[in-house]
Amino acid sequence: MIGRTRSCWLLLWVVLAGCGASEDAALIRAGEDNRPNILLIIADDLGYTDLGVFGSEIRTPNIDAIAQDGMLLTQFHTGPACAYTRAMLLSGNNNHVAGVARQNSPGLVGSSVQGYEGVLSDRIMPLPRLLRDAGYHTYSVGKWHLGMDDENSPHAEGFTQSYNLLSGAGSHFDSTGLREGGSRYREGPDLAEYPNGRYSTDVYTDKLIEFIESNRGDGKPFFAYAAYTAPHWPIQVPDDYLDIYAGQYDDGYDILRERRFDRLKEAGIISTAQALPPRNDAVTSWDALTPEQKRIESRKMELYAAMVQNLDDHVGRLIAYLKDSDLHGNTLLVFMSDNGADGSNHYETGPFSNYLQANYTTELEKMGTAESFISVGMPWAEASSAPFQRFKGFSRQGGIVSPLLVAGPGIASRGVIDGSYLTVMDLAPTFLEIAGAEYPNDGSVVPMLGESAVAFFAGEASSIHDDDYVTLQYANGRAYLRQGDWKISNLDRPFSEDNFELFDLSADPGESVDVSTEEPEKFAELI
């Protein structure tokens, strides 16, 4: 049961929300600003079942503690891939309205075609600008993926201090990158060098602590956007993490998928009556692999698990800093993944393959080092998505349902698991309400599609959205529309009514049974 208490600082939000910009600034100048800090931590391609609090065997005690101190949200919906989610997060709107209808596509990106700008569009007002103008320090580290140029840099979009990888991925140890010219970074408004030889998660954590420390004590709150690039491919870890999971995945991905599914039931995250969705025929059975293939596959997952544990260790560093600096008690902690687990293999296929094969290796002995480029791959991604179908890139639940953990000021519950429906678009209006900031309503930009979760987190509302609320998304040929527990989506391309199926997620969260013929009126309504 969600608690019904309300933190006293929540009352300040109500006061501030009614103030104009000048009154808000006067309040800040008058003395200490007691609005909460916000620390938003994003894992990159972390699978649904990869955290210990979800029953995983991967050791993530620091991230798990956020759920134990607050809430674990089990029906948090993101975009199906990285840039879509980031655009939705920073705009509170649909990825088309936000300008990222398709990520990384040559041709249309950067054009004048609305929705395909490939950067945050002028139809939205970016969250960091609004928080900055409301008196918050705004910090960003890690992955940007929303533009390479000066005019759409993190600094231009409202971050007062920033250190970011501009593209969607790169080596975790240097600036080799995925294509000719390597990776590009910015610190503030300027292009910056990467400290070659240092590990990305370590670098980003140090930078964020440096930013927060630089203004600590000035009486102003902060919004910190920690957009880590782990555990996104290439799967690489520091030397002392290379063998910490040695031998733990020798049973294979089929058994891991079943084991993770059972542990979700034990943890109370899914119903004991839920059935495991049918196995993906595209995945080769573990028993059909040769001994050499099994060793290669198990090594991939050993290193992926080590990468997730390393991320948890650095989240622990951040939280320890907040506690040591007397900032933790007034900081809202939010941890999420940007989409489902990733099943791609760019080393062998795709636009980067020639460059990757020329600059990296997949030799077993080198796996996980700065010299290697490996992905965890489809079979392990299916295991990480155990209660759902498919993974990153798909409009099925396995591509768009991700972990969300929240704790701190305004979170009335402790240790609660909640299955309420919410989306990544809901975070921006939630943070704006916390900050006492308002989204423009003068017609200059499109209104946000997301809705604030403040009352829900405070225990004053039983849900964020009513049953009539509609979520709609199209990305790269795959789409879904959801209203209440009903969802239509297409598993296969092309985008066509003939390829859509209807699911009742209340009875079939794994999207195993198409009921479009049994419910023709509902299907026609959603189409």
Side-chain angles (χ1 to χ4, degrees), residues 5-41 70-71 88-93 120 124-140 157-161 211-212 215-226 322 326-334 406-412 422-461 464:
T5 60
R6 188 177 195 179
S7 298
C8 61
W9 63 264
L10 190 60
L11 299 176
L12 180 62
W13 297 353
V14 178
V15 174
L16 290 174
C19 295
S22 60
E23 291 94 341
D24 193 16
L27 266 175
I28 294 169
R29 286 194 300 270
E32 182 95 9
D33 188 338
N34 291 317
R35 290 176 296 174
N37 308 307
I38 303 166
L39 172 57
L40 173 61
I41 305 169
M71 298 179 70
M88 295 161 72
L89 167 67
L90 296 180
S91 69
N93 219 312
L120 292 177
I124 60 94
M125 181 62 69
L127 171 68
R129 281 195 219 168
L130 295 170
L131 293 177
R132 177 197 64 192
D133 293 347
Y136 271 65
H137 294 297
T138 52
Y139 309 128
S140 173
E157 300 295 8
F159 285 106
T160 54
Q161 293 190 70
F211 293 159
I212 298 172
N215 294 306
R216 184 164 63 91
D218 71 355
K220 293 176 62 174
F222 65 78
F223 169 67
Y225 176 55
L322 295 177
D326 199 27
L327 295 168
H328 184 266
N330 195 38
T331 299
L332 176 66
L333 300 176
V334 181
V406 295
I411 310 300
L422 74 162
T423 83
V424 69
M425 296 180 290
D426 300 324
L427 294 182
T430 301
F431 296 156
L432 290 178
E433 185 171 353
I434 289 172
E438 292 186 5
Y439 196 78
N441 60 0
D442 57 3
S444 61
V445 289
V446 178
M448 286 191 292
L449 182 61
E451 298 180 340
S452 174
V454 165
F456 172 76
F457 288 148
E460 298 186 337
I464 297 100

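All values reported here derive from a predicted model rather than from experimental measurement. For this chain, numbers begin at 1 and follow the sequence in order.
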For this session: Go through the steps to decide whether Leu422 and Glu451 satisfy the test side-chain contact (heavy atoms from CB on, under 4.5 Å), and finish with yes or no.
Result: CA-CA 9 Å; Leu422 74 162; Glu451 298 180 340; over 6 Å; no
For this session: State, to 0.1 Å, how close Asn330 and Asn34 come at their nearest heavy-atom pair, and which atoms those are.
Result: ND2-O, 3.6 Å
Seminar exercise, completed: Correct closest heavy-atom pair for Pro409 and Gly329 would be CG-O, 3.6 Å
Exercise. Rounded to the nearest 0.5 Å, what separation is found between the CG atom of Asn37 and the NE2 atom of His328?
Worked result: 11.0 Å
Problem set entry | Test item: Asp426 side-chain N/O and Thr423 main-chain N/O as donor-acceptor pair under 3.5 Å | yes
For this session: Locate the shortest heavy-atom distance separating Pro221 from Gly135; write the atom from each residue and the value.
Result: CD-O, 3.9 Å
For this session: Sequence neighbours left out, what passes side-chain hydrogen bond (donor to acceptor under 3.5 Å, both in side chains) with Asn93? Give chain and number order.
Result: none
Exercise. Applying the ring pair (Phe, Tyr, Trp, His ring centres under 6.0 Å) test to Phe159, which of Tyr139, Tyr225, Phe222, Phe211 qualifies?
Worked result: Tyr225
Exercise. Is the closest side-chain heavy-atom distance between Thr160 and Tyr136 below 4.5 Å?
Worked result: no
Exercise. Does CG belonging to Asp326 count more than 12 external heavy atoms closer than 6.0 Å?
Worked result: no
For this session: Find out whether Tyr439 and Val445 are in side-chain contact, i.e. whether some heavy atom of one side chain is under 4.5 Å from a heavy atom of the other.
Result: yes
Exercise. How long is the gap from CD1 on Ile434 to CD1 on Ile38, to the nearest 0.5 Å?
Worked result: 4.5 Å
Problem set entry | Heavy-atom pair of closest approach, residues Leu332 and Ala407 | CD1-O, 3.4 Å
Problem set entry | Intermediate values then yes/no, side-chain contact (heavy atoms from CB on, under 4.5 Å), Ile212 and Leu39 | CA-CA 11 Å; Ile212 298 172; Leu39 172 57; 5.6 Å; no
For this session: Find the distance between CZ (Arg216) and NE2 (His137) and round it off to the nearest 0.5 Å.
Result: 12.5 Å
Seminar exercise, completed: In this structure, CG of Leu90 is separated from CD1 of Ile124 (nearest 0.5 Å) by 7.5 Å
Seminar exercise, completed: To the nearest 0.5 Å, atom CD of Gln161 lies from atom OG1 of Thr138 at 8.5 Å
Exercise. So, for Ala134 and Ala437, which heavy atoms are closest and what is the spacing to 0.1 Å?
Worked result: CB-CB, 3.7 Å
Exercise. Can any side-chain N or O of Thr430 pair as donor or acceptor with the backbone N or O of Ala453 at less than 3.5 Å?
Worked result: yes
Problem set entry | Any Lys220 side-chain heavy atom under 4.5 Å of Asn215 side chain | no
For this session: Find the distance between CE (Met125) and CG (Leu432) and round it off to the nearest 0.5 Å.
Result: 11.0 Å
Exercise. Would you call Leu427 and Leu127 a side-chain contact if the rule is heavy atoms closer than 4.5 Å?
Worked result: no
Seminar exercise, completed: Tightest non-hydrogen contact, residues Ile411 and Gly70, listed as CG2-CA, 4.2 Å
Problem set entry | Parallel, tilted or perpendicular, as decided by the 30° and 60° cut-offs, for the rings of Phe431 and Phe223 | tilted
Exercise. Is any NZ, NE, NH1 or NH2 atom of the basic residue among Asp33 and Arg35 found under 4.0 Å from an Asp or Glu carboxylate oxygen of the other?
Worked result: yes
